[in-house]
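Structure record follows, encoded as structure tokens.
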Amino acid sequence: MIRKVLIANRGEVALRIIRACKEQGIRTVAVYSEADEDSVPVKFADEHVCIGPAPASQSYLNIQQIISAAEITDSDAIHPGYGFLAENAGFAELCAKCNIKFIGPDANAIRHMGDKATAKQTMRAAGVPCIPGSDGVCETLADAATVADECGYPVIVKASAGGGGKGMRLAQDRAELESAYNMARMEAQKAFGDGSVYVEKYVLNPKHVEVQIIADQFGNVVALGERDCSLQRRHQKLLEESPCVVLDEETRQKMYAAAIKAAKAVNYTSVGTVEFLYSSQTKEFYFMEMNTRIQVEHPVTEEVTGIDLMSEMLHVASGLALPFRQEDIKQSGHAIECRINAEDPERGFCPSPGKITTYYMPGGIGVRVDSHCYQGYVIPPYYDSMIAKLIIHAPTRKECVRRALRALDEFYIEGIATTLPFYRNVLMSKPFLRGTFGTGFLEEFLVD
Amino acid sequence: MIRKVLIANRGEVALRIIRACKEQGIRTVAVYSEADEDSVPVKFADEHVCIGPAPASQSYLNIQQIISAAEITDSDAIHPGYGFLAENAGFAELCAKCNIKFIGPDANAIRHMGDKATAKQTMRAAGVPCIPGSDGVCETLADAATVADECGYPVIVKASAGGGGKGMRLAQDRAELESAYNMARMEAQKAFGDGSVYVEKYVLNPKHVEVQIIADQFGNVVALGERDCSLQRRHQKLLEESPCVVLDEETRQKMYAAAIKAAKAVNYTSVGTVEFLYSSQTKEFYFMEMNTRIQVEHPVTEEVTGIDLMSEMLHVASGLALPFRQEDIKQSGHAIECRINAEDPERGFCPSPGKITTYYMPGGIGVRVDSHCYQGYVIPPYYDSMIAKLIIHAPTRKECVRRALRALDEFYIEGIATTLPFYRNVLMSKPFLRGTFGTGFLEEFLVD
Amino acid sequence: MAKKSEKVTVDEKNLSSLLSVDAIKSIFELMNQNEIGELDLEHGDVRIKIVGKNQQPAAAPATVLLPQAGSLSLTSSALSSVAPADSSATEAKTSASEAKSAPNVRLIRAPMVGTFYGRPSPDVSAFVAPGDEVTPETVVCLIEAMKLFNEIKAETTGKIVKVLVKDGTPVEFHQPLFEIED
Amino acid sequence: MAKKSEKVTVDEKNLSSLLSVDAIKSIFELMNQNEIGELDLEHGDVRIKIVGKNQQPAAAPATVLLPQAGSLSLTSSALSSVAPADSSATEAKTSASEAKSAPNVRLIRAPMVGTFYGRPSPDVSAFVAPGDEVTPETVVCLIEAMKLFNEIKAETTGKIVKVLVKDGTPVEFHQPLFEIED
């Protein structure tokens with residue numbers, strides 16, 4: 001059993017881990033940069049060690065300092081939280097070498113899922129649906145056309161070396177494919193010095209749906225429901241909810257089965273999330289990637305399943321078997337999480353660090369706040385802008401939205417700009433209330 | 001349907017009502033005394049009316065002012081909360097006369113249950129178990145002995161006009177009864193000028209167990225689980241939990257049936273609580289009284305049943321039928337409520353009004369805070385000392401206690417003395433952890 | 001009753017320790033005892049500047065700048081701006097003008113919650129109008145509460161300066177109804 | 001590292017404590033006793049300026065600027081007293097004595113987290129002792145981190161005044177190890 005956990009993280013997730021440890025009688029060590037000396041996790045942990053100056057590269061990403069801190073505090077485990085070193089296979093490996101339990105999957109699983117091409121190949125081999133398309137580069141237009149016929153139009157031609165939307169061309173039918181193929185090649189050659197392209201089925205305004213899984217060291221893998229994370233701005237999730245209202249029960253069960261298959265394919269242990277794109281039109285879903293860590297939005301799942309994920313993550317890391325099986329999982333009600341960021345929605349979500357002069361938290365039934373903030377806290381400019389997670393639970397989605405609006409109205413943060421007003425607007429918009437919106441919704445909404 | 005509710009109360013319960021109304025789209029009017037001008041309910045209500053100076057007799061108990069406030073704001077209902085006018089049958093009647101819906105049972109039910117002797121007679125007639133004893137005054141020692149033989153020793157001889165422990169004498173057997181009877185008569189005569197006494201079975205260190213019921217206007221009455229409120233100081237509840245760990249399932253179901261019977265006997269509508277004394281030794285329970293209002297500790301029931309009691313109370317008042325039946329009620333996990341009072345446990349729980357200079361609320365999984373406080377709030381000296389309710393929910397009692405301790409450790413209130421440290425001590429005591437303690441436990445604990 | 005839409009924030013709580021006459025008096029005395037010539041204190045919207053009589057630099061007499069309306073609170077401005085709404089705003093305004101114009105301007109306030117009527121019935125003239133002299137027994141208005149019309153008396157002697165509430169308006173407890181002066 | 005047991009609370013003067021009559025009284029008395037002619041105090045949006053009675057306007061004023069030090073924070077004392085524990089306490093103390101005694105006393109701090117060793121092996125003498133002169137290249141101690149012993153150099157020239165950490169003690173990043181003076 002784990003006795004003492006060093007938390008290689010900061011902010012709300014550090015506090016989340018401390019809370020779980022305290023409730024299990026596990027001692028905690030907070031490591032912190034000089035910028036986080038006055039932070040709540042440092043106060044609430046049993047011990048704390050300063051590991052470096054403000055920049056993350058010299059503190060929260062400084063592996064040697066963190067391992068040393070674990071050694072001098074005699075910690076027997078390290079919890080990486082999310083971000084920073086959470087998906088660093090080398091760090092997980094080094095922990096193992098130093099005889100410190102890395103609280104997460106083993107280095108192989110992290111590495112496997114970290115390389116997107118490898119992950120996709122493994123998933124295909126395991127029978128997990130992936131976006132149909134060419135297995136590799138389409139050397140000729142004829143190749144591209146064959147692939148497009150196989151997976152059906154519309155398709156997207158993408159630069160193999162690509163990114164950031166460059167060398168990417170949509171084709172609605174065979175006629176458009178030729179120019180799309182040629183344009184994409186030209187752009188790819190120009191932008192990346194490499195003209196190779198591949199072809200994939202194009203999913204229009206999909207839902208981002210992910211399945212939370214947990215696996216123990218005895219091969220038990222359980223799916224703990226899905227989360228709809230389609231409310232995104234520039235690929236950043238802003239709001240997550242569970243369940244996803246557009247999934248029918250059959251598709252939902254298929255998705256859970258696929259997620260479990262994905263986890264088993266890499267001998268996964270610990271908590272993890274398998275992300276899918278889901279097309280409401282075709283009811284098809286496709287593997288995107290697997291996040292090999294606890295996620296920001298895990299409380300949404302905790303609220304609907306009644307399972308303390310952070311706590312179970314610690315149990316599994318201690319070598320315990322899962323205390324439940326798939327058939328024991330009951331979901332009740334609806335949960336929504338709003339990520340409150342220190343950003344100004346009026347100014348293009350520009351970060352707004354600084355001193356919180358007023359901090360008044362909402363409360364009452366169905367309201368949970370996970371936050372490391374307090375009145376007088378100075379948000380340092382060095383890290384992530386998320387300052388609080390507002391998590392709402394209610395019997396139905398409609399009641400959940402109303403409760404969320406009530407709680408947002410009660411939430412007062414002054415001294416800095418936050419995304420609170422943004423959520424008040426989004427939650428009252430018709431597309432959100434219908435619940436059918438896809439990942440493209442927010443960009444349109446923000447333009448309006 | 002109710003459109004606008006005037007809240008004839010203050011503090012956390014006023015906020016609780018506002019939250020429920022907001023989530024249902026019902027407008028709210030806060031009435032307030034001059035001492036409560038800066039209070040959160042006044043801020044969060046849609047409208048507010050000052051109804052008088054600080055003393056409750058001139059504001060929150062001033063029926064005329066409150067009715068006038070309802071009239072000038074065109075409110076169609078009044079929610080009395082708990083305390084103040086909540087169990088004032090005359091007020092309920094006057095509301096009805098003024099065509100304002102009183103959110104609670106009708107005046108007859110309040111009156112019926114308000115008179116303890118009448119209530120007991122009605123309950124006996126309805127077959128609800130009451131403490132065995134004489135039906136009225138025991139005129140002679142022989143009468144007393146007959147009653148004592150019937151209900152079994154130990155018995156207690158009580159002054160009919162009594163109160164405050166005066167004219168009260170315990171008898172373990174027939175031999176002790178004679179002196180107990182005579183002493184009680186003498187004391188009663190001296191203290192109240194009336195020597196009449198009655199005899200009741202004495203329950204040693206009982207559990208205080210109460211059943212939450214809700215009834216609609218169509219005769220449906222549902223029991224929503226029980227609460228163990230045995231942690232009391234001078235008959236003031238300090239901590240409540242659900243379920244009650246010492247009840248076996250058979251007794252529990254019997255108790256629910258008795259509570260439903262009690263409610264039906266007075267044609268009850270709205271939420272209400274039937275309080276019982278329970279003897280762990282004999283597994284018998286006895287009707288004590290019925291509280292014809294929402295109670296302070298209602299969140300404990302909300303957490304384990306998942307039912308929003310305040311919201312259902314509004315629905316029922318609007319004339320809707322209950323959306324669930326007895327068989328739909330599922331209880332899950334364990335919940336504990338700690339009433340945080342502005343009192344100094346180091347100084348005999350002496351009230352400690354004043355300015356809150358630091359207010360840091362706990363958060364995270366399973367933690368709910370119902371409170372009207374904020375950093376900088378000045379607690380006025382005129383009213384109740386309760387400043388926050390910390391409500392914890394977890395799968396098991398053991399986890400619930402650990403989570404409560406974690407949350408208590410996170411809760412910072414400075415500037416005034418509070419009962420926070422008291423709860424930290426109690427929750428770690430062995431009798432509390434065992435859960436078998438009775439209403440006498442706390443007095444002993446505080447002496448130690 | 002006061003809908004939540006427009007609010008005037010008048011928070012007098014926090015700097016009150018300094019912004020009371022007693023406090024300033026004490027400061028004056030202390031300045032004198034300690035031969036202090038000038039005090040200049042500023043916080044947010046508040047600034048107090050006190051200059052001794054024989055002080056060279058400033059020939060001006062003792063100046064006391066009272067707080068502007070606006071949050072002086074050191075606590076959460078969100079929550080301390082809670083209460084004052086329509087009525088309180090009126091009140092604040094009047095107290096301010098009171099303070100400025102003449103110290104003998106006083107207020108007749110509502111002794112109860114209800115609806116204000118300045119005249120006994122719609123077709124007759126008002127009980128009192130600006131300029132009218134009143135005695136403690138003079139009925140100045142009616143407040144309707146629970147279907148009853150309650151005659152409100154002046155409770156003081158003086159001349160009505162201003163009627164602060166319109167006919168048929170709901171009034172809160174202690175809401176100012178009339179300005180009156182000696 | 002610093003177990004949570006004993007804490008040094010850097011207790012902060014609340015703004016209100018400065019803005020009380022008592023506080024100003026004390027300032028006046030202090031000014032009087034110390035023949036200070038003028039006080040001009042400013043922090044955040046607070047500013048207090050006090051000029052003595054006989055103070056010449058043009059005369060160079062004895063200005064007392066109180067330290068900024070973030071110590072006037074209005075925040076929760078509970079939460080702002082968060083950090084300082086063993087090491088930080090030491091640090092605070094040393095910086096204070098630094099400031100008080102001589103400006104040329106400086107600190108050699110830990111450049112990494114690890115375990116401090118003042119000598120190369122248990123049976124030999126320390127790298128440096130109070131009174132020793134060091135140059136930037138002088139090895140002053142070892143810090144063991146991840147099973148590696150790292151030689152820590154003085155990085156400065158001067159005389160060791162005090163060794164602040166015991167052998168075998170875990171040290172945090174930037175924890176003071178030695179006091180050194182010119």
Side-chain angles (χ1 to χ4, degrees), chain A residues 12 15-25 40 43-44 298-299 302-303 306-311 323 330 332-333 358-377 388-395 398-407 409-410 412, chain B residues 12 15-25 40 43-44 298-299 302-303 306-311 323 330 332-333 358-377 388-395 398-407 409-410 412:
Chain A
E12 77 84 21
L15 185 57
R16 175 72 189 90
I17 297 163
I18 290 170
R19 284 170 170 162
C21 288
K22 275 198 171 181
E23 292 180 14
Q24 290 186 37
V40 167
K43 173 166 182 65
F44 284 163
H298 76 274
E302 293 182 323
E303 293 303 312
I307 290 169
D308 184 330
L309 271 173
M310 193 58 89
S311 191
K330 303 266 175 291
S332 92
T358 303
Y359 189 70
Y360 179 81
M361 251 164 71
I365 192 167
V367 174
R368 165 177 171 186
V369 179
D370 277 35
S371 170
H372 58 294
C373 292
Y374 56 90
Q375 191 158 317
Y377 177 59
K389 303 190 306 200
L390 175 63
I391 304 120
I392 306 294
H393 188 212
K398 189 179 166 192
E399 289 164 287
C400 195
V401 172
R402 286 182 160 191
R403 183 164 288 166
L405 284 166
R406 183 274 284 176
D409 275 349
E410 286 181 16
Y412 278 84
Chain B
E12 76 84 21
L15 185 57
R16 176 72 190 91
I17 297 164
I18 290 170
R19 283 170 171 163
C21 288
K22 274 197 172 178
E23 292 180 13
Q24 291 186 36
V40 167
K43 173 165 182 68
F44 285 162
H298 76 274
E302 293 182 325
E303 294 303 312
I307 290 169
D308 184 330
L309 270 173
M310 193 59 90
S311 190
K330 303 265 175 290
S332 92
T358 303
Y359 189 72
Y360 179 81
M361 250 164 70
I365 191 167
V367 174
R368 165 177 171 187
V369 179
D370 277 36
S371 170
H372 58 294
C373 293
Y374 57 89
Q375 193 158 315
Y377 176 59
K389 303 191 305 199
L390 174 62
I391 304 120
I392 305 293
H393 188 211
K398 190 179 164 191
E399 289 164 287
C400 195
V401 172
R402 286 181 161 194
R403 181 163 290 164
L405 284 165
R406 184 275 283 177
D409 274 350
E410 286 181 16
Y412 277 83

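Heavy-atom basis, side chains included; hydrogens, waters and symmetry copies ignored. Reminder, nothing fancy here: chain letters follow the sequence lines and each chain counts from 1.
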Next item on the list: Take the angle between the ring planes of A/Tyr360 and B/Tyr374 and call it parallel below 30°, perpendicular above 60°, tilted in between.
Entry: perpendicular
Next item on the list: Please name the pair of heavy atoms, one in B/Pro395 and one in A/Gly306, separated by the smallest distance, quoted to 0.1 Å.
Entry: CG-O, 4.4 Å
Check: With chain B, which of A/Asp308, A/Asp409, A/Leu15, A/Ile391 has the greatest number of heavy-atom pairs at distances under 4.5 Å?
Finding: A/Asp308
Next item on the list: Specify the closest pair of heavy atoms between B/Asp370 and A/Ile365, including all atoms of both residues, with the distance to one decimal.
Entry: OD1-N, 4.3 Å
Note to self: Tell me which of these, B/Arg19, B/Lys22, B/Arg406, has more heavy-atom pairs under 4.5 Å with chain A than the rest.
What the structure shows: B/Arg19
Check: Which value, rounded to the nearest 0.5 Å, describes the distance between A/Ser311 atom OG and B/Glu399 atom CD?
Finding: 7.0 Å
Checklist line | Side chain / backbone / both / neither for B/Ser371 at chain A, heavy atoms under 4.5 Å | finding: backbone
Check: Relative to chain A, which segment of B/Glu410 carries a heavy atom at a distance below 4.5 Å: side chain, backbone, both, or neither?
Finding: both
Item checked: salt bridge (charged side-chain N to carboxylate O under 4.0 Å, His left out) between B/Glu23 and A/Arg402, intermediate numbers included -> CA-CA 5 Å; B/Glu23 292 180 13; A/Arg402 286 182 160 191; over 6 Å; no
Item checked: Part of B/Cys373 lying under 4.5 Å from any heavy atom of chain A -> backbone
Checklist line | Proximity breakdown for B/Arg403 and chain A, heavy-atom pairs closer than 4.5 Å | finding: both
